[in-house]
Amino acid sequence: MSEIRVRMAPSPSGFLHVGTARTTIYNWLFARHNRGKFVLRIEDTDTARSSREMIDAILDGIKWLGLDWDEGPYYQSERTKLYQDYARKLLETKKAYYCFCSPQELEDKRKQVVAAKGEWKYDRVCYNLSDREKEERIETSIPKAVRLFVPEGETIFSDIVYRELKKENKDLDDLVILRSDGTPTYNFACVVDDVEMRISHVIRGNDHIANTFKQVLIYKALGIIPPHFAHIPLILAKDKSKLSKRHGATSIGEFKEEGFLPEALANYITLLGWSPKEDREMLTIDQMIELFTLEEVNPANPVFDKEKLEWMNGEYIRSYNNEDLLDLIIPFLKKENLINDDIVNQRRGWLIGFVVLLKERCKTLKEFAEKGKYFFSFNYQYDPSAVKKLFNSPAAAKMLRTFWESLYPIDEFKKEKIEEFLRIQADKMQIKPSVLIHLVRLATTGVTGGPPLFDILESLDKEEVIKRIQKAEEFCRDNS
RNA sequence: GUCCCUAUCGUCUAGUCUGGCCUAGGACACCGCCCUUUCACGGCGGCGACACGAGUUCAAAUCUCGUUGGGGACGCCA
């Protein structure tokens, strides 16, 4: 068997979308599984909609996911002459012909036909021109595009995911392969590049199935055996419509900002439409490479379920070692202005403690900054519904006062010691320890949930704890 | 409108190609219990699906046809 070569060919008219990301992963996994090559090609023939910024965003997204490429990126915009050579070949062999119709003319005709409830199809006026008429138009330099002549019959190809796909050629019309400005259209550039790059397997979204029939026709006209095709199902949003901006995060960059780990996202996305069987879900990249096959890709379109991605991300967070995890969290803490470089350099041990306390409670990296805000700042609000229940009486204020006063004598502010003192105070007040615990938790963190209280208090340290409880005592008094 | 694809719990899926092992398995979510100062994590349990209708067969989630639902494509965009 000849070398396995696949390619990903994003068009830089947007950021790296989850759908594109998954197609990239499938291509990459297939290449690695078969010890083949993965080529990156930027389809930027539409210069008006392409920008360097988008290209970089896409490249960064691919790298962030932990993927790489063996060749490229190639840029179609730099290969115009190549496409023209191929088009010339087709003109010479009469598999293609010049079309002098202006876009405006065609649009008018199309509108007319559609208005009369007819089926619009290019009417081949230019194909039917006499030789003299053709020469005349060429001489007067009327802009001319090149169209592929679609013969009668049917076009069939075998798809690795969808099995045999068939289409009557009469349902296709003579497609433009070279625009009047000399640039290639997508289908043509795609075929020429896949040929030139010796692509063995074309793996892309199933929204390209209709294009594939046209491309197969181009291969045939060129007298070249087409590559293998594998169309993969499209990712849908929760309401089963196409995944778009209004459904929340759809670009890889957004997931990064929300604190998702690349390996979690890659793992989850790979499982949309493919299963390793044996009820396995948590897969390392190496395991995915080993197990991935295109034949097992499910042909139906899956729905993107962010909740499951969050669960999976939590699994990855919990499996991380604390040191590495902290490094991943630091940017998020900085972004919220909770820490600065001094704290990172001088209090790393303390930060590790913070990570340990929150790691089982966060599904994303960003949540460390959200749920852990009170570790760094007194700038938090008391949860209103908790205030109603707990900070509602002079008695509560008194309990808080008794407790913070009792903290002064503790010289070693360690959790065991604090707990011991709290239990003694509760006993003296003739209340259950849990009552006091809840009060102190709300006072020192503003919320009712979170890591074990005594760990939090030790982490905050004595001065800070006393200050916070004093403030809560005041609040409590004003509130009752 | 025309053409193409698709259909197992709410969601991702195993099982479908090679009918019987399926009173349909797992995961997320949800609910309950246990652990526990709280929230989580973890453990245990529960809820929950073969879209519908014909046909083939001793036997159908699995094969065939139709219906319905969903998706996609119909550009001198990619």
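In what follows, chains carry the letters A, B, and so on, assigned in the order in which the sequence lines appear, proteins first and then strands, with residues in each chain numbered from 1. Computed from heavy atoms alone, side chains included, the values below leave out hydrogens, waters and symmetry copies. Quick caveat: nothing in here was measured; it's all calculated off a predicted structure.
- The stretch residues 429-440 of chain A touches RNA chain B through I437(A), H438(A), each having a heavy atom within less than 4.0 Å of the strand.
- Taking atom P in both G71(B) and U8(B), the straight-line distance is 14 Å, to the nearest Å.
- Here the side chain of T402(A) pairs a donor or acceptor atom with the backbone of K398(A) at under 3.5 angstrom.
- When the C1' atom is compared between C9(B) and C21(B), the two are found 22 Å apart, to the nearest whole Å.
- In a base pair of the Watson-Crick type (N1 to N3 plus N6-O4 or O6-N4) or a G-U wobble (N1-O2 and O6-N3), with each distance short of 3.5 Å, G32(B) is matched with C44(B).
- In summary, the side chains of N313(A) and Y268(A) do not present any donor paired with an acceptor at a separation below 3.5 Å, with no hydrogens or angles considered.
- In summary, R52(A) and D56(A) engage in a salt bridge, as defined by a charged side-chain N under 4.0 Å from a carboxylate O.
- For the pair K277(A) and G15(B), the criterion of a side-chain N or O lying under 4.0 Å from OP1 or OP2 is met.
- Across C17(B) and U64(B), the matching C1' atoms stand 15 Å from one another, rounded to whole Å.
- Looking only at side-chain heavy atoms (C-beta outward), T364(A) and L261(A) stay at 4.5 Å or farther from each other.
- Contact annotation for P451(A): base contact, defined as any heavy-atom pair under 4.0 Å involving a base atom.
- For the 3.5 Å distance criterion, the side chains of N206(A) and Y162(A) qualify, holding a donor opposite an acceptor.
- Here the P atom of nucleotide U38(B) and the CD atom of E419(A) are 12 Å apart, to the nearest Å.
- Within residues 234-242 of chain A, the residues approaching RNA chain B are L234(A), K240(A), K242(A), by heavy-atom distance under 4.0 Å.
- T445(A) and R468(A) share no donor-acceptor pair across their side chains, judged by distance under 3.5 Å alone.
- Put simply, CG on N301(A) is 5 Å from C1' on G71(B), counting in whole angstrom units.
- Between K167(A) atom NZ and C3(B) atom P the separation is 9 Å, expressed in whole Å.
- Note: D193(A) CG to I199(A) CD1 = 9.0 Å, rounded to the nearest 0.5 Å.
- Protein atom CG of D159(A) is 11 Å distant from nucleotide atom P of C5(B), rounded to whole Å.
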Listing time: all N or O pairs from protein to nucleotides 74-78 of chain B that are below 3.5 Å?
residue : atom : partner : partner atom : Å
C76(B)  : O3'  : R179(A) : NE           : 3.2
C76(B)  : O2   : S180(A) : N            : 3.0
C76(B)  : O2   : S180(A) : OG           : 3.0
C76(B)  : N3   : S180(A) : OG           : 3.2
C76(B)  : N4   : C101(A) : O            : 2.3
C77(B)  : OP2  : R179(A) : NE           : 2.1
C77(B)  : OP2  : R179(A) : NH2          : 3.0
C77(B)  : O3'  : R179(A) : NH2          : 2.9
C77(B)  : O2'  : D46(A)  : OD2          : 2.7
C77(B)  : O2'  : R49(A)  : NH2          : 3.2
C77(B)  : O2   : R49(A)  : NH2          : 3.0
A78(B)  : OP1  : T45(A)  : OG1          : 2.6
A78(B)  : OP1  : R179(A) : NH2          : 2.2
A78(B)  : OP2  : R179(A) : NH2          : 2.8
A78(B)  : OP2  : Y186(A) : N            : 2.9
A78(B)  : O3'  : E43(A)  : O            : 3.0
A78(B)  : O2'  : S11(A)  : OG           : 2.9
A78(B)  : N6   : N211(A) : OD1          : 3.0
A78(B)  : N6   : N211(A) : ND2          : 3.1
A78(B)  : N1   : N211(A) : ND2          : 3.2

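- Both distances falling under 3.5 Å, in either a Watson-Crick or a G-U wobble arrangement, occur for no nucleotide opposite A59(B).
- The distance from atom NZ of K308(A) to atom P of C30(B) is 13 Å, rounded to the nearest whole Å.
- For the pair R280(A) CZ and C28(B) P, the computed distance is 17 Å after rounding to whole Å.
- Remark: U67(B) base-pairs with A51(B); criterion is Watson-Crick or G-U wobble with both hydrogen-bond distances under 3.5 Å.
- Using a 4.0 Å heavy-atom distance criterion, Q104(A) is classed as making no nucleic acid contact.
- Remark: C1' of C3(B) and CG of N206(A) are 15 Å apart, rounded to the nearest angstrom.
- With a cut-off of 3.5 Å on both Watson-Crick or G-U wobble distances, the partner of U23(B) is given as none.
- Judged purely by distance below 3.5 Å, without hydrogens or angles, the side chains of H438(A) and T448(A) never pair a donor atom with an acceptor atom.
- Separating the C1' atom of C50(B) from that of A7(B) is a span of 10 Å, rounded to the nearest Å.
- There is a side-chain donor-acceptor pair under 3.5 Å between Q104(A) and D108(A).
- Counting distance only, with no hydrogens placed and no angle test, the side-chain atoms of D279(A) and the base atoms of G25(B) include a donor-acceptor pair under 3.5 Å.
- Remark on RNA chain B: of its neighbouring residues F213(A) and S275(A), the 5'-side contact belongs to F213(A), judged by nearest-heavy-atom nucleotide.
- Residue K166(A) is classed as a sugar-phosphate contact, given heavy-atom separations below 4.0 Å to backbone atoms only.
- Less than 6.0 angstrom separates the ring centroid of F391(A) from the ring centroid of Y382(A).
- A donor and an acceptor atom, one from each side chain of E43(A) and Y74(A), are nowhere located under 3.5 Å apart.
- In this structure, G205(A) reaches neither bases nor backbone, as no heavy-atom distance under 4.0 Å exists between it and the strands shown.
- Checked against the 6.0 Å centroid threshold, F376(A) and F354(A) count as a close aromatic pair.
- Across all strands shown, C76(B) forms no Watson-Crick or G-U wobble pair with both key distances under 3.5 Å.
- Between the C1' atoms of C63(B) and U16(B), the separation comes to 10 Å (whole Å).
- Side-chain polar atoms of T183(A) and R179(A) form a donor-acceptor pair below 3.5 angstrom.
- For R318(A) and C41(B), a side-chain-to-base donor-acceptor distance below 3.5 Å is absent, hydrogens and geometry of angles not being considered.
- Donor-acceptor pairing under 3.5 Å is recorded for the side chains of Q215(A) and N187(A).
- With a 3.5 Å ceiling on both atom-pair distances, U37(B) lacks any Watson-Crick or G-U wobble partner.
- One C1' atom belongs to A49(B), the other to C28(B), and the distance between them is 16 Å to the nearest Å.
- Rounding to whole angstrom units, CG of residue L453(A) and P of A40(B) are separated by 17 Å.
- Rounded to whole Å, the separation between the C1' atoms of C44(B) and C35(B) comes to 11 Å.
- Nucleotides U11(B) and C30(B), compared at atom C1', are 12 Å apart to the nearest Å.
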